[in-house]
Structure formats: structure tokens, C-alpha cells
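The chains referred to below are lettered A, B, ... by the order of the sequence lines, with proteins before strands, and numbering in each begins at 1.
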Protein chains: 2
Amino acid sequence: MSKQEKISRKRQLELTATQLFKEKGYTASSMRDLANEVGIEAASLYSHIKSKEEILRNICFRMADEFFAAINAIDNEPMNSMAEKLEKYIVAHTEVIAHDTAATLVFINEWKHLSEPHYSNFVDQRHRYEKRFIEILKAGIKRKEFLPIDEKFVVLTILSSLNWIPHWYKPGGKMSPEEIGRQLSRMLIDGIKTGHRTGTRQH
Amino acid sequence: MSKQEKISRKRQLELTATQLFKEKGYTASSMRDLANEVGIEAASLYSHIKSKEEILRNICFRMADEFFAAINAIDNEPMNSMAEKLEKYIVAHTEVIAHDTAATLVFINEWKHLSEPHYSNFVDQRHRYEKRFIEILKAGIKRKEFLPIDEKFVVLTILSSLNWIPHWYKPGGKMSPEEIGRQLSRMLIDGIKTGHRTGTRQH
DNA sequence: TTTATTTGCTAACGCCTGTTAGCATCTTAT
DNA sequence: ATAAGATGCTAACAGGCGTTAGCAAATAAA
């Protein structure tokens, strides 16, 4: 086979493994499971990949790259308010998730099985990603756009809501990923209550 | 040893296993790991427990019971608004989480390794639990207390935020579990924005 | 003091794990 | 036509898995 087809074969392994890892978890998924799923022998997998962990590593870091790329693109756009920027971040994150919910779930649930130095690397990246959100919150609070609630608390709440999306999102549903992101950011930023505010609250 | 002491020995196993399952995941935690942690041989564990899965089962269903007990207690109290009831639910849920974050994480992450019929049983219970929240949302929307946003969407967002708490909560921090719950429900219900609402919404 | 129970041990079981070695076949490029 | 590479096979490895059998010592109840 040509080089291009080999890549697609390797990609097929990664896709199948993603599904497997998502359903049973990384540790409970065996190489024989994976081999079975693609119709070859377990030993034959090693013509295409170096190790089981290599697959996990590729999934995790490819997703990390996608999340970063999505919010990096936003930083170049002009922005009127921090609320607008936060919404764009949320929508971008949602779109990455919706684009591959299975890989996202593996990314979220299985990274702890990475070995060093990849483990620390991953933790670092996630920390930097969270910081990007925190900076927006801080700026918004400084501009009196947001209430002075602990930024880390808010960001973790936002990200946890986002990271639950792959559990229920189905492509082709009523809401597009963008609409989901918008709805979600409106809910988290504006709340779900009807009626007027009773003035500026402190937490 | 007396019967009372036996129970505490079994309890020690469960506590140690909880910590182990939380850190490495259920599948990646071996009985030899657990035995090592409590200072006995792996085979000796079976003088106290029937199987590895029994431990997981106990953790998962004990937590499920606690979550249900917490919101059941609330339904007997008089309630002025759905927002108030929702807040009490959220605070109650947060308090159960804070009481044992490790067990909560196992409850959230490892239930999929339960075998039938326990697996289906668990899924059913969780579904019933979510419904309790959905009913509050529905009632609140009917009373025009909440905006007419898809209830399932809102509930999943709330619960995902709650279920992320064990990842960062440390006992003895600045906020008590109750304060965390209050803060969280205020944020989710009222939003994080300063200032007054615009427009047509009434109450 | 006898009896029953609890708690632990060693040894072992059958099975599953990720991975390697060595070889065959089939496809593509020269 | 030939060489190179891709793809797959069988066989096997060393080690880990959950669990059981059978026995010994300690402890508690009678």
C-alpha cells in the first residue's frame, strides 16, 4: 500500500481505539480488543503503532492542540467586551468538542494514564488553557463587567459544563454546536432567571 | 476480633480502595495494590470481601443513596419558590460531595465497570435523580420564574458543574460546602453579570 | 477450657496483558 | 523484473490479573 493509505490505516486504528477507550476506558481496553475490532491479529497492530500508550498520547495531545488552536484564533479578532470574548471562547470550545465527542471524552477521562514526561506535559497544557479563561474573567471583573466572584471558581464551573457536552450531544440534533455554545454562555453569564436585577450584587 | 471491629476492618478496605480507585481508576487498581496498601496479602482480602466489584458496588450505591437522601429531606420543607428549592437541592448535593470527594469521584467515573444487573440499576437511579431536578426546572418555567430554556440542558449543566467540585474542593478552604453550593446556584440561576436586565422580561 | 469465628498466610489456578521475533505475502516504485 | 516497503501472520515471552483451596494462628464466646 502507499504511504497515504498507511496513514489512513493508522488513522483507522486511532479512530477505533478512540471509540473503545471511550466505551470501556483505556485500561479496560486490550490490544486484542482493538485488533478484533479492525479484523486483524493483536501482534499485527505493531506494524502500525509503537505502543498502546502512543495511541492514547496521540488522541490526548491532538485534542489539546485543537482546543488551543480554537481560542488562539479568537485572540486576533477585535473585541468589544469581555463577555463577548468569553462567549467566543465558549463557542469555540463547544465546536471542538462537537467535532469529535469520542476523542474529547478520552481526552477528558483517560489522560491520567499517560506516563511521564507526557503526563506532566499534559497537566501543564491544561493549566495554561484554564489560565486563558481566567484572564478574561479577571479583565471582565476589572472593567466591572462581571461580578467579583472568584475567577478560578467561575472558570472551573464553565469548563465543567462544557466538558459534559460530549455525554449528551448528538450531531444533527436541534441545536448546532454554535447554538449550544451561545445558549450555554448566555446561561452562565446572564443566568436563567426572568425579571429585573435588584441592583449590583456582591457575591 | 469482635463483630464491630470486623466492620471497621472492612470499612478500612473500602476507604483505601476508594482512594486507589480515585487515583488510578478501578480497572488499573489491582487487588495486590489494595492488599499492599493495607499491609496484608492479596488473598487475605477475601476473608473480608467477596470480590473486587463488591467494593465498587458498595461505593457507588452508598453514594447514590446519600444523594437521594439529601434531596428527599428537602421535599418535606415548605418552599416559596422554585429558585429556592433548586438552591436547596444544589446545596444538598454539594454537601454530599464535600463530605466524601474521593467516593464521589469513584461514583462519577467508575460506575461503568459495574456488571449487570447492577449497571442498569445504577443508570436507572441516576436517571431518576436527574428527573427530580428537571421537575423543579419545569415547575419554575411554568410559574414564569425561569426562562423557557430546555430543562434537560439546564439540569445537565448544573449537575456537571456540581460534579466537578470534587476535583478542586479541599476541606478547610475559604468556602464551606454550603457556601459553595449557594455561590454556585446563585451563579447558575442569576448569572455572573453586573447591572440590570434589559427589556421585556417580567415578574 | 472448649468451641467457634475472625483474620491471615502460602501456593497455586487459569486466564489475560502488552509486546517481540521471525517469517510470509502483497503492493508500489524503480 | 527487481527491490523496497507495507501489512499481516503464528508462536511465544514474561508478567500481571482476580480468585480459590487449605491451613495456621489469634481472638472471642460458651
Side-chain angles (χ1 to χ4, degrees), chain A residues 1-60 106 110-116 118-119, chain B residues 1-60 106 110-116 118-119:
Chain A
M1 288 190 186
S2 75
K3 195 175 179 185
Q4 214 167 355
E5 277 169 306
K6 181 196 172 178
I7 289 174
S8 101
R9 184 49 150 177
K10 186 167 181 176
R11 181 102 187 94
Q12 185 209 353
L13 286 183
E14 203 174 291
L15 287 172
T16 311
T18 302
Q19 205 60 36
L20 220 52
F21 293 170
K22 171 197 135 189
E23 279 159 19
K24 314 176 57 173
Y26 173 73
T27 320
S29 306
S30 76
M31 295 306 270
R32 284 164 180 86
D33 287 340
L34 175 57
N36 217 42
E37 209 76 38
V38 298
I40 63 177
E41 291 298 316
S44 307
L45 294 170
Y46 291 82
S47 299
H48 307 279
I49 54 152
K50 283 211 260 296
S51 69
K52 185 188 182 187
E53 199 192 316
E54 188 199 43
I55 305 178
L56 178 63
R57 214 158 46 220
N58 285 339
I59 298 170
C60 288
V106 174
E110 311 297 338
W111 59 270
K112 68 175 152 198
H113 298 112
L114 292 169
S115 63
E116 294 291 1
H118 314 288
Y119 178 93
Chain B
M1 287 190 187
S2 75
K3 196 175 178 184
Q4 214 167 353
E5 278 171 304
K6 179 197 174 178
I7 290 173
S8 100
R9 184 49 150 176
K10 186 169 180 175
R11 181 100 188 96
Q12 185 208 354
L13 286 183
E14 202 175 292
L15 287 172
T16 311
T18 302
Q19 205 60 35
L20 220 52
F21 293 171
K22 170 198 135 189
E23 280 161 18
K24 315 177 59 172
Y26 173 73
T27 322
S29 306
S30 75
M31 295 306 270
R32 285 165 179 87
D33 287 339
L34 174 57
N36 217 43
E37 209 75 38
V38 298
I40 61 175
E41 291 298 314
S44 306
L45 294 170
Y46 291 83
S47 298
H48 307 278
I49 54 153
K50 282 210 260 298
S51 68
K52 185 187 180 186
E53 199 192 316
E54 189 199 42
I55 304 179
L56 178 63
R57 214 157 47 221
N58 284 341
I59 298 170
C60 288
V106 174
E110 310 297 337
W111 58 271
K112 66 175 152 198
H113 298 112
L114 292 169
S115 63
E116 294 290 359
H118 314 288
Y119 178 93

Spacing between A:R9 atom CZ and D:dG5 atom P, to the nearest angstrom
21 Å
What is the distance from CG of A:L56 to C1' of C:dG18, rounded to the nearest Å?
15 Å
Derivation of the salt bridge (charged side-chain N to carboxylate O under 4.0 Å, His left out) call for A:E14 and A:R11
CA-CA 5 Å; A:E14 203 174 291; A:R11 181 102 187 94; 3.5 Å; yes
Atom NE2 of B:H48 and atom C1' of C:dT5 are separated, to the nearest Å, by 12 Å
To the nearest Å, give me how far apart OH (B:Y46) and P (D:dA21) are.
13 Å
Expected string for nucleotides 10-16 of chain D under the B/S/- scheme (protein heavy atoms, under 4.0 Å, primed atoms plus P, OP1, OP2 as sugar-phosphate) is BBB----
Of the candidate nucleotides C:dT19, D:dT19, D:dT7, which contains the atom at the shortest distance from the side chain of A:K52?
C:dT19
Nucleotide nearest B:I40 when distance is taken to its side chain, options D:dT7, C:dG8, C:dG18:
C:dG8
Between D:dT19 atom C1' and B:E53 atom CD, what is the distance in whole Å?
14 Å
Which residues satisfy the side-chain contact (heavy atoms from CB on, under 4.5 Å) test with B:T27, sequence neighbours excluded?
A:T27, A:A28, B:H113
With sequence neighbours excluded, what pairs up with B:N36 under the side-chain contact (heavy atoms from CB on, under 4.5 Å) test?
none
In whole Å, I'd like the distance from the CE atom of B:M31 to the P atom of D:dT20.
10 Å
